[in-house]
Amino acid sequence: MSEPASPPDAAASGARYWRQNLVVVLLGSFTTIVAMTLLLPFLPLYVEQLGVTDRAAIAQWSGAAYGATFFAAALVAPVWGHLADRYGRKLMLIRASLGMAIAMPLIGMAGNVWQLVALRLFVGLAGGYASGSMILVATQTPKDRSGWALGVLSSGIMAGNLVGPLIGGALPPLIGIRNTFWLCGAVIFVTFLATCVFIREDARPKGARAAAASGGWRSIPDKGPVLAMLTTGLLLMVANMSIEPIITVYVAELVSDASRITIVAGVVMSAAALGSILSASRLGKLADRIGHWYVIVGALATAALLLIPQAFVTDSWQLIALRFLMGIALGGLLPCIAAVIRHNVPDNVSGAALGYSTSSQYAGQVVGPLLGGFVGGHIGMRAVFLGTCVLMALGALYNFVVLRRRRAQAGN
């Protein structure tokens, strides 16, 4: 059932194209996320090729180069979201895909490590295809299908995060590190062409630009749901990423054969992503039926419970199984967060609001590993899992309180 267009913007601009657009941005998000993550396995080798020889310096420069993209993306996501509200979501996707298609070959041409970090910053500033896709899908999809559609898109994004490092481990030995970046740029250029040709969006109604320009945080009548989702997205990413730096060290305590440590660690890291890929669209569909907020509370509470036994496992298979189950529980969170924001903000500021959500999640991706590494190094590995459990439980409690308050207000 379509909703009446709200002047001066159409709530469902391009809504009749939403299925076609979903397919295009699903493939586009997958390829761009693969491009952002494929350098993980060989980044230290590339840093060394660029003239850094000290082991500690290689690790530091690798961390700086990888984190630079997410740091820059966190800063500009609200800006791109605001411009999407003013000038159209398709235009932002064209900008992001073209920017990344240019940036990837340039990374392959870097002459020193400073250029590498600068170009990774450029990827974060110019990119944002996946977050732009979220905005397009959230604003075009009928509201009763938004959870499912965003879940499908989230599955593609998580699949890119899973496949990217695998491709990054396989391609450089075959074609070389620099050629890998060139090939990646060529694939993203195809995404750029597909975005230009196949994405459909209605022309902006008269006055839409002025409405988006005058809109902003102050134009959101009820800021409570948006603040709750920004906090939830931050907590989710902090909780997920805090464990990443200690996985290999933790696995080393569980695996007696040293030659199997990295393989098992890779499986552990992939298990959660695989679980999320399988569950995202299903949980999104469930949220469309019972309410997005109920799924958010349930997912956070379930993840909190699953983190407790992870701190006390005695074998690697137990950790793999628990991480897989945790991935299933968390798979619906990101689409539900986007859906709640979309349903609680005016149409003319939905892009900016979703941009703020993306920024909070990127901030969690930066803070999480730093926090997890500090706690794991100074307190212990189990403290990371138990501390993350507390964060998830607090997030579930916070959302439950906000939900009850909103239901009480609706009853009154």
Side-chain angles (χ1 to χ4, degrees), residues 1-4 6 11-12 15 18 22 134-155 157-158 220-237 239-240 275-306 325-347 349-350 353-354 356-358 360-361 391-412:
M1 183 174 63
S2 61
E3 305 234 347
S6 58
W18 72 271
L22 177 60
M134 280 284 186
I135 294 173
L136 180 78
V137 172
T139 52
Q140 284 193 343
T141 306
K143 289 188 176 182
D144 60 348
R145 302 293 301 279
S146 60
W148 173 81
L150 288 165
V152 170
L153 180 58
S154 293
S155 293
I157 293 172
M158 287 180 282
I220 300 175
D222 184 2
K223 298 177 177 61
V226 180
L227 286 172
M229 293 304 101
L230 296 183
T231 304
T232 301
L234 177 66
L235 284 176
L236 170 65
M237 289 303 172
N240 270 344
S276 294
I277 291 169
L278 296 176
S279 69
S281 61
R282 292 173 174 84
L283 287 176
K285 188 175 182 179
L286 175 65
D288 288 333
R289 290 206 315 267
I290 69 173
H292 302 96
W293 230 310
Y294 291 105
V295 172
I296 290 172
V297 173
L300 289 171
T302 302
L305 291 174
L306 287 169
L325 293 174
M326 185 171 167
I328 289 177
L330 297 178
L333 270 183
L334 291 182
C336 285
I337 288 171
V340 169
I341 292 174
R342 173 66 185 95
H343 294 175
N344 286 278
V345 300
D347 297 316
V349 294
S350 57
L354 289 165
Y356 286 121
S357 176
T358 300
S360 71
Q361 293 163 27
L391 284 178
M392 289 291 197
L394 289 174
L397 179 62
Y398 172 56
N399 279 277
F400 179 72
V401 170
V402 174
L403 175 59
R404 285 195 63 181
R405 187 180 302 157
R406 288 179 58 77
R407 290 182 62 189
Q409 291 173 350
N412 293 332

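The shown structure was predicted, so the numbers you read here are calculated from the model rather than taken from an experiment. Throughout, numbering of the chain's residues begins at 1 and tracks the sequence.
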Practice problem: Identify the two heavy atoms, one from A329 and one from L283, that lie closest to each other, and give their separation to 0.1 Å. | Solution: O-CD1, 3.8 Å
Quiz item: Is the shortest heavy-atom distance from the side chain of L325 to the side chain of T302 under 4.5 Å?
Solution: no
Quiz prompt | Intermediate values then yes/no, side chain to side chain contact (heavy atoms under 4.5 Å, CB included), I296 and M229 | solution = CA-CA 10 Å; I296 290 172; M229 293 304 101; 3.6 Å; yes
Exercise. For residues I328 and L278, determine if any side-chain heavy atom of one lies less than 4.5 Å from a side-chain heavy atom of the other.
Key: no
Practice problem: Mind checking side chain to side chain contact (heavy atoms under 4.5 Å, CB included) for A396 and listing every partner two or more places apart, or none if nothing turns up? | Solution: L300, A301
Exercise. Could you pull out all residues at least two apart from L235 that satisfy side chain to side chain contact (heavy atoms under 4.5 Å, CB included)?
Key: T231, L391
Exercise. Kindly write out the residues that satisfy side chain to side chain donor-acceptor pair (under 3.5 Å) with T358, not counting sequence neighbours, or none if the list is empty.
Key: none
Exercise. Just do the side chain to side chain contact (heavy atoms under 4.5 Å, CB included) check on M237 and S360 with the steps written out, would you?
Key: CA-CA 9 Å; M237 289 303 172; S360 71; over 6 Å; no
Practice problem: Looking only at non-hydrogen atoms, find the nearest pair between M158 and G331 and report the distance. | Solution: CE-O, 4.1 Å
Practice problem: Determine, stepwise, if the pair I157 / M134 fulfils side chain to side chain contact (heavy atoms under 4.5 Å, CB included). | Solution: CA-CA 10 Å; I157 293 172; M134 280 284 186; 4.0 Å; yes
Quiz item: Shortest non-hydrogen contact from T139 to L136?
Solution: OG1-O, 3.1 Å
Self-check item: Heavy-atom closest pair, residues S276 and G327
Solution: OG-O, 2.8 Å
Quiz item: Sequence neighbours excluded, which residues qualify as side chain to side chain contact (heavy atoms under 4.5 Å, CB included) partners of A393?
Solution: A304
Quiz item: Does any pair with a residue in residues 280-297 pass side-chain hydrogen bond (donor to acceptor under 3.5 Å, both in side chains), and if so which ones, sequence neighbours excluded?
Solution: D288-H292, W293-N399, Y294-R407
Practice problem: Kindly write out the residues that satisfy side chain to side chain donor-acceptor pair (under 3.5 Å) with S357, not counting sequence neighbours, or none if the list is empty. | Solution: Q361
Quiz item: When rounded to the nearest 0.5 angstrom, what is the spacing between CG in L234 and CD1 in I337?
Solution: 10.0 Å
Quiz prompt | Results of side chain to side chain contact (heavy atoms under 4.5 Å, CB included) for L397 - residues two or more places apart only | solution = V401
Self-check item: Minimal non-hydrogen separation, L150 against A339, with atom names
Solution: CD1-N, 3.8 Å
Quiz prompt | Heavy-atom check, side chain of L22 versus side chain of Q140, under 4.5 Å | solution = no
Quiz item: Got a donor-acceptor contact below 3.5 angstrom from the T141 side chain to the S146 backbone?
Solution: no
Practice problem: Sequence neighbours left out, what passes side chain to side chain donor-acceptor pair (under 3.5 Å) with S155? Give chain and number order. | Solution: none
Practice problem: Can you sort out the partners of Y398 under side chain to side chain donor-acceptor pair (under 3.5 Å), two or more places apart, ordered by chain and number? | Solution: none
Practice problem: Might you work through the side chain to side chain contact (heavy atoms under 4.5 Å, CB included) test for L236 and L334, ending with a clear yes or no? | Solution: CA-CA 9 Å; L236 170 65; L334 291 182; 3.6 Å; yes
